[in-house]
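Heads up, the thing below is written out as C-alpha cells.
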Amino acid sequence: MAEALLGTKCSSSSSISHLSPNFHLFPTNIKRSQHLIHGSFSPNSRIRCEAASLEGAKTAPAQIKKPKNRYEMVNLTTWLLQQEQAGNIDAELAIVLSSISLACKQIASLLQRSSIVNITGTQGTVNIQGEDQKKLDVISNELFCNCLRSSGRTGIIASEEEDVPVAVEETYSGNYIVVFDPIDGSANIDIALTTGSIFGIYGPDQQCLVDMDDDSTIDQAREKCIVSVCQPGSNLVAAGYCLYSSSVVYTLSVGNGVYAFTLDPAYGEFVLTHDDIKIPKAGRIYSFNEGNYDLWDEKLQSYLDHLKQPGPNGKPYSGRYIGCLVGEIHRMLLYGGIYGNPKNKNSKNGNLRLLYECAPMSYIVEQAGGKSTDGNQRILEIMPEQIHQRTPIFIGSPEEIEKLEKYLA
C-alpha cells in the first residue's frame, strides 16, 4: 500500500507492511498504531526506496488494470461501429458488411434445414461456367443479391452464378462494388459437409445506374459494369468469407488485420472470437487434389514428392483436402500450411475464379501475414480481363509459399 501511495519502487527484507519508524508516511504527531490499518511498524525492518517523494505520488498514481468481464463480448455491429469511429471504414461500408452478414445467417439456416425442406439436389440449370447449379446455389444467390440491394449502398453486384454483373436500380443504388460466390463447395451440400460464402468489396466508383424503363440504356450500363468490376485484387477495400460447418464463422478484413466472428445461435448474433488472426509462418499441412497428380507439370510433382518425405521430426506433411476453398483457408489461417489449385493438362488456367474466389481469399491471407501466387506473380496484382476469368492459385503460410516458388522457378 505504501508503494501505491508513494509511487516508488521499494524492496524490504521483511513484509512490505513493516516500515521503518524513520520513514514518515503520515504526520509525526499521529501515533504509530494509527499509521497502518493492516500490519505494524517494526524498528528492525529495513527498506530501500528509489525516488520516494510525495510530490511524485501526486503526478504518477498507481495504474490499476481493470479485470476483463467474463460476460463481456463484442458483436459484429459493435465492431463495425468501432471501425467507423477509428476511421478505418465509412458508414456505407459498415452497412454493406452488415447486410452480407444477414445473407450469411439466412444461408446458414437453410443449409441446416436443407434435407428437411427438400432444397438439396440440382436445380436443373447450368451456370455460365457450364456447371450444374444446386438448388441452394440459386437460392443463396438471390439472398445475397436481395440483401445487397436493400442495403442501398451497392451500385454493382457481380456473382459467380450470374452471366454478367448486375446494376442496382437507381432507387436502391450506392457506390460500392460487391463480388461474391454465394455457395462455395456446393458439392458438399447434400452430404452435410463444409461449405461457405466468399465476398470482395471494391471502393466507390461512378454509380452504375440503370433506367429500367429504357431498354436502350441497359446494354450500355452492363458494359460499364463489366469495366468497373474488372479490377485487380489490390483495389479491394474489404473481403471476407462465411464458413458453414459445426459453427458458422464470419471472417473479414477491412485492411487492418483479419477478424473472425462466430454465430451465437442463442442470440442470432455474430460474436468476435478470433481477434487479429496471424497465419503461422510455416505449417505441416498441404491441401491439393492429388487425383490430378499425373496432369500436373514435373516441377509441381517434385514439390509434392518432397512434402511426402519425412521431415526433421521424422514425419511427412499431412495431406488434407475438404473440397471447399473456404474450409481450406479457414484451417490454414489457424494452423498454417499451403493450399494449391494449379493448372493442369485439362485446365490450362486452373479451376477457381479470380474475381469471386482467388482475389478475396488472397486479400484475407495477405492481411493475416500469408502469401498467394499463381506460380508466377502475386494473385492481387493480376488484372482481370474477363468477369469469370480463372487462375491457378497457391496460397498459405509465407515460408511454405517461398519453398514452393523455389521448386517452380
Side-chain angles (χ1 to χ4, degrees), residues 75-77 80 95-123 125 127 129 131-151 153-154 157-162 166 168 176 178-201 238-253 259-271 273 322-331 352-353 355-357 360-361 364:
N75 64 14
L76 178 63
T77 302
L80 290 173
I95 292 172
V96 173
L97 290 167
S98 181
S99 68
I100 293 173
S101 75
L102 175 59
C104 292
K105 291 178 186 177
Q106 293 174 326
I107 293 170
S109 177
L110 288 174
L111 284 168
Q112 290 176 337
R113 299 181 292 117
S114 59
S115 296
I116 299 172
V117 297
N118 194 28
I119 51 175
T120 58
T122 58
Q123 176 75 8
T125 56
N127 65 16
Q129 289 90 29
E131 302 165 337
D132 291 330
Q133 289 181 306
K134 299 281 187 179
K135 292 178 183 177
L136 271 169
D137 280 327
V138 177
I139 296 171
S140 299
N141 185 65
E142 284 299 316
L143 288 173
F144 251 89
C145 289
N146 289 340
C147 286
L148 289 169
R149 282 194 187 99
S150 63
S151 74
R153 300 299 185 272
T154 52
I157 300 171
S159 168
E160 182 181 321
E161 302 299 331
E162 301 281 357
V166 177
V168 179
Y176 283 99
V178 182
V179 298
F180 61 91
D181 179 1
I183 288 284
D184 172 59
S186 56
N188 290 343
I189 292 174
D190 295 353
I191 51 176
L193 293 183
T194 302
T195 55
S197 300
I198 307 170
F199 64 90
I201 303 174
Y241 64 79
C242 191
L243 173 77
Y244 311 115
S245 188
S246 57
S247 296
V248 179
V249 185
Y250 184 70
T251 304
L252 76 156
S253 174
Y259 299 81
F261 302 79
T262 301
L263 182 64
D264 186 339
Y267 303 102
E269 289 282 351
F270 280 110
V271 178
T273 51
I322 301 173
C324 169
L325 180 61
V326 171
E328 311 285 6
I329 297 299
H330 188 72
R331 181 192 61 232
L352 298 181
R353 264 66 61 170
L355 274 175
Y356 313 109
E357 297 168 314
M361 286 306 202
I364 294 170

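Heavy atoms only: backbone and side chains are in, while hydrogens, waters and symmetry mates are out. What you see is a predicted model; the values in this text were computed from it and never measured. One is the number of the first residue; the rest follow in order along the sequence.
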Gap separating the CG atom of D181 from the CD1 atom of I198, nearest 0.5 angstrom: 5.0 Å
Pairwise distance CG(L252) to CZ(F199) - rounded to 0.5 angstrom: 5.5 Å
I139 vs I183 side-chain heavy atoms within contact, under 4.5 Å: no
From CA spacing to verdict: side chain to side chain contact (heavy atoms under 4.5 Å, CB included), I201, I100: CA-CA 11 Å; I201 303 174; I100 293 173; 4.1 Å; yes
Sidechain-backbone polar pair: N188 side chain, T194 backbone, donor-acceptor under 3.5 Å: yes
Close side-chain approach of T262 to V249, heavy-atom, < 4.5 Å: yes
Over all atoms of both residues, closest heavy-atom pair of S101 and L76: CB-CD2, 3.5 Å
Trace of the side chain to side chain contact (heavy atoms under 4.5 Å, CB included) decision for V166 with C145: CA-CA 9 Å; V166 177; C145 289; 5.5 Å; no
From CG (N146) to CG (L102), nearest 0.5 Å: 10.5 Å
Steps toward side-chain hydrogen bond (donor to acceptor under 3.5 Å, both in side chains) verdict (Q123, D137): CA-CA 8 Å; Q123 176 75 8; D137 280 327; over 6 Å; no
S159 vs P182 side-chain heavy atoms within contact, under 4.5 Å: yes
Distance (rounded to the nearest 0.5 Å) between S109 OG and Q106 CD: 8.5 Å
Expected output: side-chain D184 to main-chain V326 donor-acceptor under 3.5 Å: yes
Interatomic distance, Y250 atom OH to C242 atom SG [nearest 0.5 angstrom]: 8.0 Å
Check: S98 side chain, I95 main-chain N or O, donor-acceptor pair, under 3.5 Å: no
Working for side chain to side chain contact (heavy atoms under 4.5 Å, CB included), residues L136 and T195: CA-CA 11 Å; L136 271 169; T195 55; over 6 Å; no
Sidechain-backbone polar pair: E328 side chain, I322 backbone, donor-acceptor under 3.5 Å: yes
Exam field: side chain T154 to backbone L148, donor-acceptor pair closer than 3.5 Å: yes
Aromatic plane relationship, Y241 with H330 - under 30° parallel, 30 to 60° tilted, over 60° perpendicular: perpendicular
Side-chain heavy atoms of L263 within contact of F270, under 4.5 Å: yes
Gap between atom CG of L355 and atom CD of E160 - 0.5 Å precision: 10.5 Å
Minimum-distance pair of heavy atoms, taken over all atoms of A238 and L97: CB-CD2, 4.5 Å
D190 (side chain) donor-acceptor with G121 (main chain) under 3.5 angstrom: yes
Non-hydrogen atoms of M361 and L325 that approach each other most closely: CG-CD2, 3.9 Å
Flag side-chain contact, heavy atom, 4.5 Å: S197 against I107: yes
